[in-house]
Amino acid sequence: MNTDEMRHLWQQESQKEFDQFAQWRADHEEATLAEIEAVMDEHLNRVRAAVLQQAAQASEPLQETRHDQQRCPQCGNRLQARGNHARTLQTTGGEAITLHRRYLKCP
């Protein structure tokens, strides 16, 4: 995915979250500053997680190039692919992101 495609996806994700926040605000005219801030943080955390996930996944082609060149630090043999695996992580904002990576092993 190139930079323009990522930027477009990020803008879409941001717009969706801000539209939802605007609707929430319209529905909660009497909300306190603390309530508004908490809801805003939820929406921003979701945007942040989407951007993080897509940005991290965009690094995969670079990692595959490096994988092909990586060697075992103990024996010096080239590492072999042991398949693709998904890993779910939690961001500092409390949102889950899933990364798909290729893992290697020493032959």
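We number each residue from 1, following the sequence as shown.
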If you round to the nearest 0.5 Å, how far is [atom2] of [Y] from [atom1] of [X]?
| X | Y | atom1 | atom2 | value |
| --- | --- | --- | --- | --- |
| L99 | Q57 | CG | CD | 5.0 Å |
| R78 | L104 | CZ | CG | 12.0 Å |
| R101 | R87 | CZ | CZ | 10.0 Å |

- salt bridge (charged side-chain N to carboxylate O under 4.0 Å, His left out) partners of residues 21-30, not counting sequence neighbours, each pair once: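 The answer is none; no pair qualifies.
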Going by the rule side-chain hydrogen bond (donor to acceptor under 3.5 Å, both in side chains), which residues pair with [X] if we only count those two or more places apart in sequence or in a different chain?
| X | result |
| --- | --- |
| E17 | H43, R46 |
| E42 | none |
| N77 | none |
| D19 | Q15 |

- Query: So, for A55 and M6, which heavy atoms are closest and what is the spacing to 0.1 Å?
  - Reply: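 Result for this residue pair: CA-SD, 4.3 Å.
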- Task: May I ask you to test the I97-T91 pair for a side-chain heavy-atom distance under 4.5 Å?
- Result: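 I97 vs T91: side chains touch.
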- Measure the shortest side-chain to side-chain distance between E95 and R48 over non-hydrogen atoms and say whether it is less than 4.5 angstrom.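 Result no, sub-4.5 Å side-chain heavy-atom pair not found.
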Under the side chain to side chain contact (heavy atoms under 4.5 Å, CB included) test, which residues partner [X], sequence neighbours left out?
| X | answer |
| --- | --- |
| Q12 | H8, L9 |
| C72 | Q74, C75, L79, C106 |
| T88 | A96, T98 |

- Task: Mark yes or no for whether Q23, through its side chain, and Q20, through its backbone, hold a donor-acceptor pair below 3.5 Å.
- Result: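 No, the answer is negative, given that no donor and acceptor are paired below the 3.5 Å cut-off.
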- Who are the salt bridge (charged side-chain N to carboxylate O under 4.0 Å, His left out) partners of E13, not counting sequence neighbours?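 Checked E13 against salt bridge (charged side-chain N to carboxylate O under 4.0 Å, His left out); matches are K16.
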- Considering residues at least two apart in sequence or located in another chain, which fulfil the salt bridge (charged side-chain N to carboxylate O under 4.0 Å, His left out) criterion with D4?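 With sequence neighbours excluded, D4 shows a salt bridge (charged side-chain N to carboxylate O under 4.0 Å, His left out) to R7, given in chain and number order.
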- Query: Taking the hydrophobic residues Ile, Leu, Val, Met, Phe, Trp and Tyr, and joining any pair whose side-chain heavy atoms are under 4.5 Å apart, which ones share a cluster with L44?
  - Reply: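 Via sub-4.5 Å side-chain contacts, L44 links to F18, F21, W24, I36, V39, M40.
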